[in-house]
2 protein chains.
Amino acid sequence: MATQTAAERREEARQRYNAYVATCPSRKLLDTLSDKWVSLALTALAGGPRRYSELARTIAGVSQKMLTQTLRTMERDGLVSRTVTPSVPVRVDYRLTPLGEDLMPLLEAIKRWAEIHMEDVEAARQAYDRRSGHRP
Amino acid sequence: MATQTAAERREEARQRYNAYVATCPSRKLLDTLSDKWVSLALTALAGGPRRYSELARTIAGVSQKMLTQTLRTMERDGLVSRTVTPSVPVRVDYRLTPLGEDLMPLLEAIKRWAEIHMEDVEAARQAYDRRSGHRP
DNA sequence: CAGCATCCTACGCGATACTG
DNA sequence: CAGTATCGCGTAGGATGCTG
């Protein structure tokens with residue numbers, strides 16, 4: 001039963017984190033935004049509704065699995081809506097919901113901060129690497 | 001050589017993504033912020049300088065490995081500065097740099113959006129789950 | 001006290017193949 | 001076309017034990 005201890009500790013830690021996340025809206029939001037592809041999908045959809053295949057092409061580099069998964073999550077979160085046109089072959093369009101559109105200004109604020117300050121970050125990184133680089 | 005193909009494809013995809021990330025400041029910023037603990041550390045440091053052990057206690061739930069790793073990354077990115085007081089035992093303080101402080105309003109904007117809208121997201125989730133719940 | 005090195009497991013995600 | 005199901009690797013990250 002000693003083997004359980006490790007598992008138990010894991011569970012405990014996970015639950016602590018989950019409990020935290022559950023009560024903290026900003027962490028949940030960050031968890032969402034932080035998802036590699038969510039922000040890209042949002043940006044891609046900002047210009048208007050897009051078909052699945054359009055998104056796949058626009059967000060070049062995303063796997064089909066992740067694209068679907070991302071869109072599903074976003075749909076579940078009420079950020080995008082999914083419309084199926086039962087033609088042959090099927091056509092599926094995604095568009096931002098009002099909630100999703102409401103998120104865009106925030107995303108742009110992030111983008112703006114990044115564009116202004118990321119070169120400072122870059123410089124800091126290089127300085128740091130130079131400093132600690134010579135004693136490995 | 002057929003075995004290489006998979007690896008090559010992986011490399012290619014990874015490089016596509018990396019190439020993208022490398023050129024896109026906002027993605028880099030999101031990658032940073034999205035880190036589970038960065039935002040928590042920033043928040044913890046917003047109130048002023050903190051010792052390592054204080055941070056460990058404040059951000060309850062973080063492992064020592066992740067705390068150190070997070071602080072290192074943030075230091076490298078120029079968001080926090082690290083001051084060692086060579087007493088016995090050692091004392092290490094972390095504090096926000098101007099750059100780090102400059103990030104706080106953005107973080108607060110995120111928090112604010114979350115507090116306003118996350119209940120909508122929550123509601124959307126429950127509605128979604130109710131809808132798709134009965135046909136597994 | 002503040003951290004680094006090691007080990008090991010769970011899970012994210014890409015690749016692949018199959019459906020309506 | 002727009003997905004779902006399955007497999008397998010890579011790695012993030014927690015646990016543990018050692019240093020100055």
Side-chain angles (χ1 to χ4, degrees), chain A residues 2-18 31 34-38 40-41 49-75 80 82-94 132 135-136, chain B residues 2-18 31-32 34-38 40-41 49-76 80 82-94 132 135-136:
Chain A
T3 48
Q4 290 286 7
T5 311
E8 283 172 357
R9 293 213 176 254
R10 277 157 196 285
E11 262 324 284
E12 189 189 324
R14 172 164 295 272
Q15 285 183 6
R16 254 186 310 179
Y17 176 68
N18 285 342
D31 275 358
S34 73
D35 194 296
K36 261 197 183 79
W37 309 109
V38 166
L40 295 176
R50 295 274 183 273
R51 303 184 54 168
Y52 180 90
S53 47
E54 287 182 297
L55 290 173
R57 246 172 297 114
T58 305
I59 315 181
V62 69
S63 70
Q64 148 273 29
K65 177 180 179 178
M66 284 322 289
L67 180 56
T68 300
Q69 185 175 304
T70 301
L71 290 169
R72 279 294 171 289
T73 307
M74 291 169 70
E75 188 194 359
V80 304
R82 175 171 174 275
T83 317
V84 182
T85 310
S87 53
V88 182
V90 200
R91 172 196 177 107
V92 179
D93 288 87
Y94 291 88
S132 53
R135 29 172 183 187
Chain B
T3 48
Q4 290 285 8
T5 312
E8 284 173 356
R9 292 211 177 256
R10 276 160 195 285
E11 263 323 286
E12 189 188 324
R14 173 165 294 271
Q15 286 183 6
R16 255 187 310 180
Y17 177 67
N18 285 342
D31 275 357
T32 300
S34 74
D35 194 294
K36 260 197 184 78
W37 309 108
V38 167
L40 295 176
R50 295 276 182 272
R51 304 185 52 168
Y52 181 90
S53 47
E54 287 182 298
L55 290 173
R57 245 172 297 111
T58 305
I59 316 182
V62 70
S63 70
Q64 151 272 22
K65 177 181 178 177
M66 284 323 288
L67 180 55
T68 301
Q69 185 175 304
T70 301
L71 289 169
R72 278 296 170 290
T73 307
M74 290 169 71
E75 187 193 1
R76 188 171 105 98
V80 305
R82 177 171 172 274
T83 316
V84 182
T85 309
S87 52
V88 181
V90 200
R91 172 197 177 105
V92 180
D93 288 88
Y94 291 88
S132 52
R135 25 163 189 193

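Residue numbering restarts at 1 for every chain, and letters A, B, ... go by the order of the sequence lines.
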All salt bridge (charged side-chain N to carboxylate O under 4.0 Å, His left out) counterparts of A:Asp93, not counting sequence neighbours
A:Arg91
Salt bridge (charged side-chain N to carboxylate O under 4.0 Å, His left out) partners of B:Arg50, counting only residues at least two apart
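Testing B:Arg50 for salt bridge (charged side-chain N to carboxylate O under 4.0 Å, His left out), a comparison that skips the adjacent residues, returns none.
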What I'd like to find out is whether the side chain of A:Leu55 reaches to under 4.5 Å of the side chain of A:Leu67, using heavy atoms alone.
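Yes. Closest side-chain heavy atoms under 4.5 Å.
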Rounding to an integer number of Å, can you tell me how far [X] [atom1] sits from [N] [atom2]?
X       : N      : atom1 : atom2 : value
B:Asp35 : D:dG13 : CG    : C1'   : 11 Å
B:Leu40 : D:dG13 : CG    : P     : 13 Å
A:Gln69 : D:dA2  : CD    : P     : 19 Å
A:Met66 : D:dT4  : CE    : C1'   : 15 Å
A:Arg50 : D:dC1  : CZ    : P     : 17 Å

Could I get the full list of side-chain contact (heavy atoms from CB on, under 4.5 Å) partners for [X], not counting sequence neighbours?
X       : answer
A:Ser53 : A:Arg51, A:Arg57
B:Thr68 : B:Tyr52, B:Gln64, B:Arg72
A:Ser63 : A:Lys65, A:Met66

Those residues that, when tested against B:Arg82, pass side-chain hydrogen bond (donor to acceptor under 3.5 Å, both in side chains) (two or more places apart)
B:Tyr94
Angle of first-five versus last-five pair axes in the helix from C:dC1-D:dG20 to C:dG20-D:dC1, to 10 degrees:
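Roughly 40°, once rounded to the nearest ten degrees.
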Please write out each protein N/O paired with an N/O of nucleotides 1-5 of chain C under 3.5 Å, distance rounded to 0.1 Å.
{"residue": "C:dC1", "atom": "O3'", "partner": "B:Arg51", "partner atom": "NH2", "Å": "3.3"}
{"residue": "C:dA2", "atom": "OP1", "partner": "B:Arg51", "partner atom": "NE", "Å": "3.2"}
{"residue": "C:dA2", "atom": "OP1", "partner": "B:Arg51", "partner atom": "NH2", "Å": "3.2"}
{"residue": "C:dA2", "atom": "OP2", "partner": "B:Ser53", "partner atom": "N", "Å": "2.8"}
{"residue": "C:dA2", "atom": "OP2", "partner": "B:Ser53", "partner atom": "OG", "Å": "2.6"}
{"residue": "C:dG3", "atom": "OP1", "partner": "B:Arg82", "partner atom": "NE", "Å": "2.9"}
{"residue": "C:dG3", "atom": "OP1", "partner": "B:Arg82", "partner atom": "NH2", "Å": "2.7"}
{"residue": "C:dG3", "atom": "OP1", "partner": "B:Tyr94", "partner atom": "OH", "Å": "3.2"}
{"residue": "C:dG3", "atom": "OP2", "partner": "B:Tyr94", "partner atom": "OH", "Å": "2.9"}
{"residue": "C:dC4", "atom": "OP1", "partner": "B:Arg72", "partner atom": "NH2", "Å": "3.2"}
{"residue": "C:dC4", "atom": "N4", "partner": "B:Gln64", "partner atom": "NE2", "Å": "2.2"}

A:Pro49 to A:Glu54 - nearest heavy-atom pair and separation:
O-OE1, 4.5 Å
